[in-house]
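Read through the structure below, which is laid out as structure tokens, and then see the notes.
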Amino acid sequence: MPTISMNVNGTSVSAEVENRTVLAAALRENLGMTGTHIGCDTSQCGACVVHVNGKAVKSCTIFAVEADGAEVSTIEGQADADGSLNVIQQAFQDHHGLQCGFCTPGMIMTAAALLEENPKPTEAEIRDHLEGNICRCTGYQGIVNAIMAASGQNSAIAAE
Amino acid sequence: MYNFEFTKPTTVEDAAKAMSAEGAQALGGGQTLLPTMKQRLAMPEILVSLTDVEGMVGVSKAGTTLTIGGGTTHAQVATDAAASYPGLSALADGIGDPAVRNRGTIGGSLANNDPAACYPAAALASGATITTNKRDILADNYFQGMFETALDETEIVTAVSFPIPEKSNYQKFVQPASRFALVGVFVAKTADGVRVAVTGASNGGVYRWTEAETALNGDFSARAIEDMSGDATDMITDLHGSAEYRAHLVGVLTRRAVVASS
Ligand SMILES: Cc1cc2nc3c(=O)[nH]c(=O)nc-3n(C[C@H](O)[C@H](O)[C@H](O)COP(=O)(O)OP(=O)(O)OC[C@H]3O[C@@H](n4cnc5c(N)ncnc54)[C@H](O)[C@@H]3O)c2cc1C
Ligand code: FES
Ligand code: FES
């Protein structure tokens, strides 16, 4: 089996994977990082979104061997070392951006990629950017509000 | 998914050599191939990754031609073609979702030729040339029906050259579950005339709507095609829409594309 090396959340790691192992499975099973969720496994739901070399990708739809040598960021790397939530995570908590939390890792990673390239998105831009992320619980308004708030903008419904 | 051998060549020559082996297949961004391998609709024995192949990524303009490397992602086309070919950039920006656009490539899309894919409409309407490791193929000869192209099994799409039209626009009626086009229409107004390409509608894959082209050559306005709709005879009927519905959409979207073209 091939051995791949990656830098995940700032730490160099290596893993022995099959060629057919997708990145999501390598993260979860080989590296024990179960923050990245597999919802659909058919490229539809976005629960598995991580960043590979700075770009948001669906980790169920890229082979781990394709990420050999890459820098990967996952939800586990989002909070500070002391465990305090980053601004997007905190905003999700404050604005009811999650209920069951299953979609949340993918939502946070997608939101982080959006704010990286567009620090002050409009509500329409946020909704457009979330096209590939499905949430079965929140009805999205809380998620949109959270991302508005995380970008320092007033959201329609303020946190209570 | 069945396992496979994996190779990651760095030159087009080595990739072509690897692809000539029995059971070998190219891997672009994987946004179509991985899902089909999971379903065992594709079972390659060897995957030849094009990710590290040199010279296959980038967008460059020379005169009135925009050339895009076959390995260029949809996201990069959306950004890098924005100034030179806004109609194409907007099309790329509307494919799937941001994560799909960060991986999926123009070469993969054109090689796959999904009957509901977006790029085939742009390539056909623009009169693009598809360049492979072996030859140049005009878009008019390239698309040969649903999932069928002029490519042979060992050919690699290395680049696509688009003559930049005077005006263009792509209108996509999104099928909300798949995010592909239920119907999509690309209108290009060039110095040599108007070209209208329709995707998502026909059992024969992407096609040119020549009746509309003739009318628009006389008068490039929505009025010129006011009462026209597509021919439903060989159109797709599925649970998302009937042939007649798609034929109607072809007319509506073409008019919208003409009005929106810039
Ligand atoms: C959720 C989702 C939504 C999508 N929505 C849309 C949409 O709205 N519109 C749209 O057009 N597409 C859509 N797609 C498809 C997407 O655009 C794919 O990226 C594209 O169809 C295939 O490109 P790829 O680089 O991912 O190719 P791959 O999946 O790697 O390969 C596809 C096929 O092309 C071959 N191939 C790949 N690269 C080359 C090459 N350079 N030369 C020769 N053969 C090659 C492969 O062998 C394979 O047969 C969507 C996909 C997903 C998962
Ligand atoms: S698990 Fe990857 S998109 Fe749903
Ligand atoms: S919070 Fe439950 S799926 Fe989104």
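Proteins come first, then strands; the chains are lettered A, B, ... in the order of their sequence lines, and each starts at number 1.
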Exercise. Using a strict cut-off of less than 4.0 Å between a Lys/Arg side-chain nitrogen and an Asp/Glu carboxylate oxygen, indicate whether B:Lys134 and B:Asp152 qualify as a salt bridge.
Key: yes

Quiz item: Just checking heavy atoms, which of residues 105-117 of chain A are less than 4.5 Å from chain B?
Solution: none

Quiz prompt | Within 6.0 angstrom of A:Arg20 CZ, more than 12 heavy atoms from elsewhere | solution = yes

Quiz prompt | Sidechain-backbone polar pair: A:Ser151 side chain, A:Pro121 backbone, donor-acceptor under 3.5 Å | solution = no

Practice problem: Give the intermediate values and the outcome of ring pair (Phe, Tyr, Trp, His ring centres under 6.0 Å) for residues A:Phe63 and B:Phe4. | Solution: CA-CA 12 Å; A:Phe63 290 117; B:Phe4 50 83; 5.0 Å; yes

Quiz item: Is it the side chain or the backbone of A:Val22 that comes within 4.5 Å of chain B heavy atoms, both, or neither?
Solution: side chain

Quiz item: Are B:Asp80 and B:Lys61 within salt-bridge range, i.e. N to O under 4.0 Å?
Solution: no

Quiz item: Which atoms of B:Leu33 come close to chain A, meaning under 4.5 Å heavy atom to heavy atom: side chain ones, backbone ones, both, or neither?
Solution: neither

Quiz prompt | residues 67-75 of chain B: residues contacting chain A (heavy atom under 4.5 Å, by number) | solution = none

Quiz item: Which residues, numbered in order, of residues 172-186 of chain B come under 4.5 angstrom of chain A by heavy-atom distance?
Solution: B:Ala177, B:Arg179

Quiz item: Taking non-hydrogen atoms and a cut-off under 4.5 angstrom, which of residues 12-25 of chain B neighbour chain A?
Solution: none

Quiz item: At what distance, to the nearest 0.5 angstrom, does CG of A:Leu23 lie from CG of A:Leu31?
Solution: 9.0 Å

Quiz item: Do B:Arg103 and A:Glu66 meet the salt-bridge criterion of a basic N to acidic O distance under 4.0 Å?
Solution: yes

